[in-house]
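Bear in mind that the values here come from a model prediction, so they are computed numbers and not experimental data. One-based numbering along the sequence shown. Both ligands and their constituent atoms are indexed starting at 1 by order of listing.
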Amino acid sequence: MKNSHLMISALVIGLASCQKNSSMSNISTEKQEVYGKMPDGREVKIFTLTNKNGLKARVTEYGAILVSMETPDKSGKLADITHGYDTLDGWLTNTSYFGSTVGRFGNRIKDGKFTLDDKTYTLAKNDKPGGIPCALHGGLKGFDKVLWSGKPTATNGVELTYVSKDGEEGYPGKLTVKVTYTLTEANELKWEASATTDTPTVLNIVHHSYWNLSGDPTKPINDHELMLAAPNFLPTDAGLIPTGVIAPVADTPMDFTKSKVIGERVGADFEALKLGGGYDHCWVLEKGDGVRLAARLKDPKSGRVMEISTDQPAIQFYGGNFLDGKTAGKKGVQYAHRTALCLETEGFPDSPNQPTFPSPVLRPGQTYKHVMIHKFSAE
Ligand code: GLA
């Protein structure tokens, strides 16, 4: 009697667990765990979002970083398609902005200074492309290197907030920032930023994940096919600062208005590519109201596709030119040259210094908004 009773219980438990496992892929789930501790002892949480199709996004409070993004290939095989680290300690060494929420001002500001309302502000010159110092990505300790505060949302997401105090990294105004990641049943990962300030300031908050849709971080992304809905781009000087010219892409290796294989023209004898050491430029998107398609990226082998839509005026396509194989990331992989790329929807780089560019100024009473939707599929 006893044995058969035990056997029945085991059977029930077994059924329950496989029911749970099989039901796991049929519902959205949201889980939060302790990821680790900051050097000063503060606890850091990590949130796991899944949807009914098995996609999985992990987001941590440190840097409001997308830790991983798992999507299926054309045969349904899931893989993480982002560069990064396996642990919080790894992320604390992140100097490539893997997965990061970047700010207060993403991208570059010439000579590390700008003037706003007749006052000049000086920023850290923390980058020197072509040997020319500038401010990059919010400074020495930008938004990617601070601890945000996260909580689950009611719609399979996580809302992260951070208060950047007046004068932080040289920027004026106390800025209250919110970033929300949402994983939808339509296989979209939405990244939405908003901010308010108590004093006029400048900002350009950017999401900076490195993508390799093959799911193999050792492979270069040269075979990926890219479309950018952008008839123009911003040529730069040797310091990767836009010259102010808005140049047509037509008849140049910068033309991605029709999908092109990235590696096909990256070595072309074209000044912008030589100055950038490859693709590392701001493309000016077709004008349009609200959220519209900005980019489509496909890895032909796996069939994975990522479409990016945004409400922003521009997108930075950075082809991973600074990856040098010296950074050991997830599973100990040394991330080699151009093994991932970034597609960062954004305002214009150096816009605080370029009055002909869309203004980056936020004033009290206004709300900054930035919507970026990554839609994943496979074909
Ligand atoms: C942006 C810039 C690149 C590089 C990366 C971070 O994408 O455009 O030049 O600085 O950030 O490595």
Q.
Whether K145 engages the ring of Y97 as a cation-pi pair (distance to the six-membered ring centre under 6.0 angstrom, angle to the ring normal within 45°) should be assessed.
A. yes

(Q) Taking the six-membered ring of F256 as reference, does the cationic atom of R265 (NZ for Lys, CZ for Arg) lie under 6.0 Å from its centre and within 45° of its axis? (A) yes

Q) N/O of Y97 under 3.5 Å from N/O of ligand 1, yes or no? A)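 Y97 vs ligand 1: no N/O contact under 3.5 Å.
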
Which atoms of ligand 1 have any heavy atom of [X] under 4.0 Å away?
X	result
Q316	8 (O)
E344	1 (C), 7 (O)
L136	10 (O)
Y210	6 (C), 12 (O)

Less than 6.0 angstrom separating the ring centers of [X] and [Y], yes or no?
X	Y	result
F98	Y335	yes
Y35	Y62	no
H224	W211	no

Among all the protein's non-hydrogen atoms, which is closest to [atom], and how far away is it?
atom	result
atom 3 (C) of ligand 1	D280 OD2, 3.2 Å
atom 10 (O) of ligand 1	R108 NH2, 3.1 Å
atom 5 (C) of ligand 1	H208 NE2, 3.6 Å

Q. Just wondering, are more than 12 heavy atoms of other shown residues or ligands nearer than 6.0 Å to CD in E271?
A.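 No, the 6.0 Å shell around CD holds no more than 12 heavy atoms from other groups.
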
Q. Looking only at heavy atoms of H137, does any of them come nearer than 4.0 Å to an atom of ligand 1?
A.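 The answer is yes: ligand 1 sits under 4.0 Å from a heavy atom of H137.
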
Q.
Count I, L, V, M, F, W, Y as connected when their side-chain heavy atoms are under 4.5 Å apart, and connections chain through other members. Are V67 and M38 then in the same cluster?
A. yes

